[in-house]
Amino acid sequence: MSTTPVAARMLETLLGEWRSPAAPAYESLADRIRLLVLDGRLTIDTRLPAERDLAHRLALSRTTVAAAYRRLREGGYAVSVRGSGTLTRIPSRTPIAHATAGDGLLDYTKAALAAPAVLAAEARAAADELVGYLGGTGYDPVGLPVLREAIAHRYAQRGLPTDPDEILVTVGAQQAIVLIARTLLTRGDRVVIETPTYPHAYEALQAAGARLVSVPVMADYRDGQAVDGWDAPALDAAIRRTSPALAYLMPDFQNPTGRSMSVPLREHLIDVAAGQGTIVVADETPAELNIDRPDTLLPLPAYAGGQEASVILIGSASKAVWGGLRIGWIRAGRTMIRRLAAVRAGIDLGTPIFEQVLTARLLPGLDGILRDRRSMLERGRAAVVSQLAARFPQWQVPHVDGGLAAWVNIGAPVSSQLALAARNHGLLITAGPRFGIDGAFERYLRVPIAVNADQVEGAVDALAAAWPTLARHPMPDPEYLAAVV
Ligand SMILES: Cc1ncc(COP(=O)(O)O)c(C=O)c1O
């Protein structure tokens, strides 16, 4: 059996603010480790630190850690294996990595919409069109010309002239992130990221050996005034101080805060990054989900002047159209595209043809699809805002003018407990710390607005039922959860 150890120090970082005044330390510790396992931050078969080491690190008695481990074992979240110590487990036969919300659970871990109505008819037409491709081998590492043209055309419509040769089609934006990380990072390189950020991005960057440097993005209130967006001086300082290889950022409708970068910050970012030799990777996955943003903002390279080479864009059909297409792309200079395509062969041998044909059929009608998405998001947002105001008047729900979610300040450091308790009331939702790299964000909950407005009441009911139970600690729930989108 192969096990991965987690050092006491690392576990301490992952645990974040785990202590709760409402429960004994052993219970709080066990609960927090359980959430790390459920969230996929501690994989199954992780060897937990020796009791003595963890006790020393957390300044607890060894008995407390032993009691926490015992509680994990009793709940099925750990086993003791002779010679291997205490290993994490999931107490269920649910296959790993199937983060499905079966059994009538409402899944708020995915901030994404169902497919647009037009997709079924276009899929049938795409099946006919596929015939024209069947004479070839079907291996397509860069993307079908027809799709690359459609993507390039969309950039031009958004104010960024683009040549199809500057596009590489990938299997979703996720693969684009992995590919960029593998191609451009050497172990130990620094990468600037936002916190909170999209978790599977920092996982991909870490897997490529990145040392992450985080810069805060806020969606908060201070003295009743909204404090919005990037900590611009911190971003500037992080890039100047660490000369990172990459800066992975989401300039439009940042996931999870929903913020967008101002024009001056876009211009400044490109300048500073170019000065330090840093490549800015702008993930635009949520960028087309505008509801009523007052400013017209162009894609980042449009502000680059002569420094275009320092920006790579990632795009995706997943949020604008449908996640099931698994179509994403990278926009970069031709030389960079060739470099990425060469590395890609070590990951996979191309993007499926049918989905590319289908996406190429859908993109010309994207404005119509987005009009429908906008009204769904608007309804989702209205439902979330009004339901939360009615049930949780003490929570601070920042206004978002687009994107997938609201980053809600729940007023107390109990996000993990709330997420655990909500499962017992039929709601899967991701706790705030999943969006940070050091266990922070216990006071925040990402509440998707990219949801069916009719279901919001059920979700808020579940949160309201869970909220008063936090002090009592919920029973373990075997539902495994790894993916957050
Ligand atoms: C910011 C961001 N990047 C990338 C992804 C992954 O997108 P895809 O489904 O295209 O792989 C997501 C999904 O939620 C996302 O929010």
Side-chain angles (χ1 to χ4, degrees), residues 39-40 97 99 107-115 119 143 147 151 154 167-181 191 193-205 207 217 219 230 246-261 280-290 299-300 312-331 344 347-348 351-352 355-356 358-359 362-363 366 373 377 380 400 402-407 428-430 434-437 446-451 481-485:
D39 266 357
D107 187 357
Y108 269 37
T109 63
K110 315 261 183 308
L113 293 164
L119 199 139
L147 179 57
I151 294 168
R154 184 71 195 166
I167 304 294
L168 173 73
V169 177
T170 57
V171 180
Q174 188 60 37
Q175 188 186 45
I177 301 169
V178 170
L179 184 54
I180 289 169
V191 176
I193 58 158
E194 296 143 338
T195 51
T197 188
Y198 166 61
H200 301 310
Y202 71 70
E203 286 167 354
L205 294 164
V217 183
W230 285 255
L246 302 179
Y248 168 85
L249 305 166
M250 288 165 267
D252 296 274
F253 309 121
Q254 202 259 3
N255 184 9
T257 62
R259 301 294 120 198
S260 296
M261 273 185 196
V280 177
V281 179
D283 185 343
E284 295 198 314
T285 299
E288 297 253 33
L289 299 180
N290 185 12
L300 215 50
I312 295 179
L313 293 182
I314 292 176
S316 173
S318 292
K319 306 296 168 157
V321 187
W322 191 43
L325 288 169
R326 306 307 310 133
I327 295 289
W329 56 86
I330 296 170
R331 179 195 183 276
R344 183 198 186 146
I347 298 176
D348 75 0
T351 313
E355 283 75 5
Q356 292 195 69
L358 175 52
T359 307
L362 290 162
L363 284 187
L366 189 60
R373 309 253 113 181
L377 289 170
V400 286
L404 308 161
W407 185 237
L428 296 176
I429 192 160
T430 315
R434 186 75 175 99
F435 299 90
I437 49 172
R446 184 186 75 164
V447 182
I449 60 163
V451 287
L481 177 68
V484 182
V485 300

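As the structure lists them, so they are numbered: ligands from 1, and atoms in each ligand from 1. All values below were derived from every heavy atom in this structure, side-chain atoms included, with hydrogens, water molecules and symmetry-related copies excluded.
Residues Thr430 and Phe435 are in side-chain contact: their nearest non-hydrogen atoms beyond the backbone lie under 4.5 Å apart. Side-chain contact between Val191 and Val281 is absent, with no heavy-atom pair separated by less than 4.5 Å. Contact annotation: the side chain of Glu194 approaches that of Met250 to within less than 4.5 Å [non-hydrogen atoms, C-beta and beyond]. Arg434 places none of its side-chain heavy atoms less than 4.5 Å from the side chain of Thr109.
In terms of protein heavy-atom proximity, atom 7 (O) of ligand 1 is closest to Ala173 CB, 3.7 Å. The protein heavy atom nearest to atom 12 (C) of ligand 1 is Tyr198 CZ, 3.4 Å. Distance from atom 16 (O) of ligand 1 to its nearest protein heavy atom, with residue and atom name: Asn255 ND2, 2.9 Å. Nearest to atom 3 (N) of ligand 1 among the protein's heavy atoms is Asp283 OD2, 2.6 Å.
Neither the backbone nor the side chain of His200 comes within contact range of ligand 1; no heavy atom lies under 4.0 Å. Residue-level proximity to ligand 1 for Gln175 is absent, since no heavy atom of it falls below 4.0 angstrom.
Residue-ligand proximity: Arg326 is placed with a non-hydrogen atom under 4.0 Å from ligand 1.
Considering backbone and side-chain atoms together, Lys319 places an N or O closer than 3.5 Å to an N or O of ligand 1.
Remark: ligand 1 atoms within the under-4.0 Å shell around heavy atoms of Gly172 are 10 (O), 11 (O). Every atom of ligand 1 is numbered from 1 in the order shown, and the set under 4.0 Å from a heavy atom of Met250 is 1 (C).
Electrostatic pairing of Glu288 and Arg154 counts as a salt bridge here, judged by a charged N lying under 4.0 Å from a carboxylate O.
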Next on the checklist: I'd like to know whether Phe253 forms a side chain to side chain contact (heavy atoms under 4.5 Å, CB included) with Asn290, so could you lay out the CA-CA distance, the side-chain angles of the two residues, the decisive distance to 0.1 Å, and finally the verdict.
Outcome noted: CA-CA 8 Å; Phe253 309 121; Asn290 185 12; 3.7 Å; yes

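The side-chain contact (heavy atoms from CB on, under 4.5 Å) test with Tyr198 is passed by exactly one of Ile177, Ile193, Thr285, Leu404: Ile177.
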